[in-house]
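Note: hydrogens, waters and symmetry copies are ignored here, and every other heavy atom, side chains too, is used.
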Amino acid sequence: MDADALLEALDPEQREVALAARGPVCVLAGAGTGKTRAITHRIAYAVRTGLVSPAHVLALTFTVRAAGELRGRLRALGYGAEAVRASTFHAAALRQLTYFWPRVIGGRPPRLIESKLPLLRDAARELRARLDPGGLADAAAEIEWAKVNQVRPDAYPPAAVAAGRATAAGAEQTARLYEAYELLRRTRQMIDFESVLELTAAILFTEPAMARQVRDVFRVFTVDEYQDVNPLQKLLLDAWLGGRDDLCVVGDPQQTIYSFTGATPAYLREFAAEFPGATAVRLVRDYRSTPQVVAVANRITPAASLVAQRPAGPEPLFDEYADEAAEAAGTAAQAGALIARGVPAREIAVLLRINAHMERFEHAFTEAGVPYTVRGAERFYDRPEVRQALVLLRGAARAESAGADATASPDDLRAAVRHVLASAGLTPAPPGAAGAARSEARSATRSAARDRWESLMAIAQLADDMHAARPDATLGDFAAELAQRAELGHAPVADGVTLATMHSAKGLEWDAVILPGLVEGIMPIVHARTPEAVEEERRLLYVAVTRARQHLLMSWAPGPRQARPSRFLADLRPRAGASPRADASARAGASPGSLERPR
C-alpha cells in the first residue's frame, strides 16, 4: 500500500487529519467517529512520505489497553509505523525517570508503588486516625487529586474548599494524612504514579543536557483523549515539547467524565489559543451506532452533532419497574432475550452508575441462569491468577515442543489449555454468586473466587476461539498469542454479559447496552450539586449510550426513596401514546420478539 492508498481508506475529514502531517493539529472526534483510525493513518502517512522518522514519534494515551490498540494499528499499517513508540504518560515517564535517576540523583531509582493504601494505613496509624477502608480509599483519591493539581499538603484545605470537594475525613485531617503519607513515601524511598510525572518533568526543566537528549529523540507528539489531560500531565507534555509545536491532540469535550480526578477539557478547548494557526478538524461521522442510538446520544448532548453512518436498527427501549429488585430481574431477562435472539453474551453490557449496585445484578443474573462477567479497573494481565496462568502455559508449551507432553496434540488445544488452567484453579462451573447470606469480611460487591474464575475462563475461551480459527494451533501458538496480547494490553473477553460501571466502559463498545437505575440521585448522582457537576453527569450518560452499536435499553425504578426518573430522560422517552410499562413482571416475562417494538 502506497501513501495514496492510505488516504483512500479514510473519509474526507479523516483524510484532512492525515494530510496535516506536521505542526499543531487539533482533532475534535465525537464518539464512534474513527479517531484512532485517523491518527494512526496520519502517523503512517507521515512516515511513508518521509515527513517524519518513526523513531522520533511519541504517541501518548491514558490506558495500557488504548496504548496497545495504537501499537496494534500501527503495526498492521506497516511502512515503519510499527517503530513508533505508543505509550501511556506514566510508562513513558517511568522509562525516562529510571534512565536518568542514576545520572542526576545517584543510586538506584525508588520503588514504584501500585497502590497508596498500604502507606496510607501506616500514616493513619501514626496519626491515630481511625479510617475504614472506604475512608482510606477516599483519602487516596484526594491525595491523587491534590498531586496532579500541584497542591501541597499545607495548601490542601483551602484548595479543597474552593474546588467544592467533600471528604469523609474532613479537609484538615486529609491534609495531615497527605503530609504523613508523603513523609513515609520519601523515607521509604518510594514513588507513586504522580511522583513519576512530577520528577520526570522536574529533571527535564532543570537539567538542560537531559532535556536535549529526550527532545532529540522525541520530536513529534500525538496525544489521544486530550480532554482527560490533568495539569501534571500537561506540565510533563510541555517539558517534552520544550517550546516546539509538532503536536497533534485528539479529544471530545462531550466525553469529559473524569473531572473529579483533576482532568480538564480546558487544554483541548484552548488549543487554538495556545498554538495560533493550528489546524482544526472535526469528526462527526459515527460508524459505531445505528441512527436510532445516535439520535438518543444527540438528544442527550446536542453539541455532539453526530451523523450516523450505519443502517437503521431497532428503536431504543424505555422501561419503568416497580422496584429495584424487579429492575435487576428484568434486566437479566432482557439480556437473556437478546441472547436467545442471537446476540452473543459477550456483546451485551449492563452499565451502572455506581459500583455498589453491582451485587444486586449479579444475584439476578445468577438466578436467571444468564452468564455474566464483571469488568473492573484492574488491568487483566496484572492479576495474580493471570500471571500464574501465563507462566503455567509457557511451561506447558515448552514441554509440548520438547515432546514431553504427548497428550497436548494440536487437535486438543482446548482441552490442553483447560488442563493447564485447572491447576491454577479453573473449574467447569463458576463459584456461587453473591447472596443474602454474605460474609462481612467479603468485599461489598465482588467475590475474589468469582474474579479468579472469570479471569481463567476468559483465557480458556480465548483458546476455544483460536482453535475455531486455527484448528492446527498448538500450545506454543497459544502462549505466543497471549504474550502478544499482554504486550498490546488486549484482554480476552469472557463469554458472558458484561457488568460494569459507566466510567469503566469508556473506550469500549458492545452490540447491546442496557442502562438501568436512571433515577434522580443516581443519574445525576446525589453529589452533583453544581451545574458543572450535573453537566458532567449528562456527559457520562452520553458516553454510556454511545457504547451501544445496535440495541439500547434504558430503565428506572422508584426504589425505597420513591426517586423520580432521571431528568435526562425527559427529552429521550417517546412522547406520543407510548408510556413505559410499570409492571416489571410483564417486562421480565417478555418474549424475545417483544424487544423489537419501539416504545
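No side-chain N or O of Q254 forms a donor-acceptor pair with one of T301 less than 3.5 Å apart. Using modelled atom types and a 3.5 Å distance limit, the side chains of Q233 and N230 yield a donor-acceptor pair. In this model, no donor atom of one side chain and acceptor atom of the other lie less than 3.5 Å apart for Q14 and E16. In this model, a donor atom of one side chain and an acceptor atom of the other lie less than 3.5 Å apart for Q213 and Y99. Under the 3.5 Å distance criterion, with hydrogens and angles disregarded, no donor-acceptor pair is assigned to the side chains of Q227 and T256. Side-chain atoms of T200 and Q96 form no donor-acceptor pair, as typed in the model, at a separation below 3.5 Å.
The minimum heavy-atom distance linking A67 with T88 is given by the pair CB-N, 4.2 Å. Counting all heavy atoms, side chain and backbone alike, A29 lies closest to V250 at CB-CG1, 4.1 Å. Residues S289 and T546 come closest through the heavy atom pair OG-O, 4.0 Å. In terms of heavy-atom proximity, T40 sits nearest to R73 at CG2-CB, 3.7 Å. Among all heavy-atom pairs drawn from R42 and A20, the shortest one is NE-O, 2.8 Å. Pairing each heavy atom of A460 with each of V417, the nearest pair is CA-CG1, 4.3 Å.
In this structure, R269 contributes its side chain and A266 its backbone to no donor-acceptor pair below 3.5 Å. For R285 (side chain) and E13 (main-chain N/O), no donor-acceptor pair under 3.5 Å exists by modelled atom type. At distances below 3.5 Å, at least one donor-acceptor pair connects side-chain atoms of R37 with backbone N or O atoms of A9. The main-chain N or O of G313 is never found under 3.5 Å from a side-chain atom of Q550 such that the two would form a donor-acceptor pair. The backbone N or O of L10 sits less than 3.5 Å from a side-chain atom of R15, completing a donor-acceptor pair. Of the possible polar contacts, none joining the D465 side chain to the L462 backbone as a donor-acceptor pair under 3.5 Å is found. Checked by atom type and distance alone, the side chain of R215 pairs as donor or acceptor with a backbone atom of A239 at under 3.5 Å.
Rounding to the nearest 0.5 Å gives a distance of 10.0 Å between CG of L268 and CG of D228. From L475, atom CG reaches atom CG of L413 across 6.0 Å, with rounding to the nearest 0.5 Å. Note that CG of D495 is 10.0 Å distant from OG1 of T373, once rounded to the nearest 0.5 Å. To the nearest 0.5 angstrom, W510 atom CH2 is 9.5 Å from R549 atom CZ. A distance of 4.0 Å separates CG of L94 from OG1 of T98, quoted to the nearest 0.5 Å. Put simply, OH on Y372 and CD1 on I348 are 15.5 Å apart, with the number rounded to the nearest 0.5 Å.
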L19 vs Y45, side chain to side chain contact (heavy atoms under 4.5 Å, CB included): CA-CA, chis, key distance, verdict: CA-CA 8 Å; L19 288 172; Y45 181 78; 3.7 Å; yes
Decide side chain to side chain contact (heavy atoms under 4.5 Å, CB included) for F271 and L247; before the verdict, give the C-alpha distance in whole Å, the side-chain angles of both, and the deciding distance to 0.1 Å. CA-CA 10 Å; F271 189 84; L247 171 66; 3.7 Å; yes
Apply salt bridge (Lys or Arg N to Asp or Glu O under 4.0 Å) to E274 and K234, showing your working. CA-CA 12 Å; E274 184 179 2; K234 182 61 166 64; 2.9 Å; yes
Side chain to side chain contact (heavy atoms under 4.5 Å, CB included) assessment of D472 paired with R470: CA-CA 5 Å; D472 61 342; R470 297 171 51 192; 4.0 Å; yes
Chi angles and distances behind the side chain to side chain contact (heavy atoms under 4.5 Å, CB included) call for L51, V220: CA-CA 11 Å; L51 290 172; V220 180; over 6 Å; no
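Within 6.0 Å of CD in Q189 there are 12 or fewer heavy atoms belonging to other residues, nucleotides or ligands.
Residues I105 and L199 are not in side-chain contact: their nearest non-hydrogen atoms beyond the backbone lie 4.5 Å or more apart. At least one side-chain heavy atom of L306 sits under 4.5 Å from a side-chain heavy atom of Y542. Inter-residue side-chain proximity for T498 and R346 is flagged as unmet; no heavy-atom pair is nearer than 4.5 Å. Within the 4.5 Å cutoff, the side chain of F478 has no heavy atoms near those of the H467 side chain. Between V249 and C26, the closest side-chain pair of non-hydrogen atoms falls below 4.5 Å. Within the 4.5 Å cutoff, side-chain heavy atoms of L70 are placed close to those of T36. Side-chain atoms of R547 and R288, non-hydrogen and from C-beta on, do get closer than 4.5 Å to each other. The shortest side-chain heavy-atom distance between L237 and V229 does not fall under the 4.5 Å cut-off.
Taking 4.0 Å as the cut-off between side-chain N and carboxylate O, D4 and R48 do not count as a salt-bridged pair. Ionic pairing of E194 and K116 is present here: one or more N-O contacts between side-chain nitrogen and carboxylate oxygen are shorter than 4.0 angstrom. By the 4.0 Å N-to-carboxylate-O rule, K35 lies too far from D252 to be salt-bridged with it. Taking the charged nitrogens against the carboxylate oxygens, K506 and E225 do have a contact shorter than 4.0 Å, which makes a salt bridge. Checked for salt-bridge contact, R65 and E69 miss the test: no charged N lies under 4.0 Å from a carboxylate O. For the pair E535 and R538, the salt-bridge criterion is met [side-chain N within less than 4.0 Å of a carboxylate O].
Evaluated for a side-chain contact (heavy atoms from CB on, under 4.5 Å) with F193, the options E144, K147, E114 yield exactly one hit, E114. Of the residues listed (V374, V497, V513, L515), the one engaging V350 in a side-chain contact (heavy atoms from CB on, under 4.5 Å) is V497, and it is the only one.
Taking the six-membered ring for Trp and the full ring otherwise, Y258 and H503 have centroids separated by under 6.0 Å.
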